[in-house]
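Inspection log for the structure reproduced underneath, given as structure tokens.
Given the structure is predicted, the values throughout are model-derived calculations rather than measurements. Computed over heavy atoms, backbone and side chain alike; hydrogens, waters and symmetry mates excluded.
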Amino acid sequence: AMPYNYSKLLGRIVEKVGTQGAFAEKMDLSERSVSLKLNGKTGWKQSEIARACSVLDIRDEEIPAYFFSL
């Protein structure tokens, strides 16, 4: 399977919270866990996507562009 491209999501993280570390904290995840997700090594659970959208002000209709972009 092609790994998803999270560059848009990364940009949004930097724009909204500053660092992956700060994002991980708001997500209640370890920085390593977030790093693995952003590098396509582990998947995002639906609950994590929902939380990320809340943290980063991503609207439902924008989810594909941030989480399922190839």
Side-chain angles (χ1 to χ4, degrees):
M2 278 285 295
Y4 290 119
N5 178 348
Y6 295 115
S7 58
K8 187 176 169 79
L9 182 59
L10 268 165
R12 187 73 168 197
I13 289 168
V14 170
E15 178 193 330
K16 291 287 180 181
V17 294
T19 66
Q20 284 187 42
F23 177 65
E25 210 169 293
K26 288 181 184 293
M27 289 290 290
D28 283 329
L29 294 168
S30 69
E31 206 166 335
R32 172 161 172 76
S33 177
V34 166
S35 177
L36 289 170
K37 289 174 193 303
L38 290 170
N39 287 305
K41 305 283 188 247
T42 59
W44 292 85
K45 297 183 187 132
Q46 265 187 299
S47 59
E48 292 166 346
I49 290 176
R51 187 174 179 98
C53 288
S54 169
V55 168
L56 301 173
D57 291 323
I58 293 170
R59 296 195 308 273
D60 286 355
E61 62 270 24
E62 296 175 315
I63 289 173
Y66 284 99
F67 291 93
F68 302 105
S69 176
L70 293 173

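In this structure, Gly21 and Glu31 approach most closely via the heavy-atom pair CA-CD, 3.5 Å. Shown here for Lys37 and Tyr6, the closest heavy-atom pair between the two residues is O-CE1, 3.2 Å. Residue Ala52 comes nearest to Phe23 through the heavy atom pair CB-CZ, 3.9 Å, listed as atom of the first residue, atom of the second, then distance. Summarising the geometry of Ala22 relative to Val17, their closest heavy-atom pair is CB-O, 3.6 Å, with the distance given to 0.1 Å.
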Point to revise | Check against side chain to side chain contact (heavy atoms under 4.5 Å, CB included), Tyr66 and Cys53 | key: CA-CA 9 Å; Tyr66 284 99; Cys53 288; over 6 Å; no
Practice item. For Glu15 and Leu56, run side chain to side chain contact (heavy atoms under 4.5 Å, CB included): C-alpha distance rounded to whole Å, both residues' side-chain angles, the deciding distance at 0.1 Å, then the answer. Key: CA-CA 9 Å; Glu15 178 193 330; Leu56 301 173; over 6 Å; no
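Here CG of Leu38 is found 5.0 Å from CG of Leu10. Values are rounded to the nearest 0.5 Å. Taking NZ from Lys8 and CZ from Phe67, the interatomic distance works out to 11.5 Å, rounded to the nearest 0.5 Å. Between Lys41 atom NZ and Arg32 atom CZ the span is 10.5 Å, to the nearest 0.5 Å. A distance of 4.0 Å separates CZ in Phe68 from CD1 in Ile49, rounded to the nearest 0.5 Å. To the nearest 0.5 angstrom, Met27 atom CE is 13.0 Å from Glu25 atom CD.
Within the 4.5 Å cutoff, the side chain of Asp57 has heavy atoms near those of the Lys16 side chain.
Few gaps surround CD on Gln20; more than 12 heavy atoms of other groups in view lie less than 6.0 Å from it.
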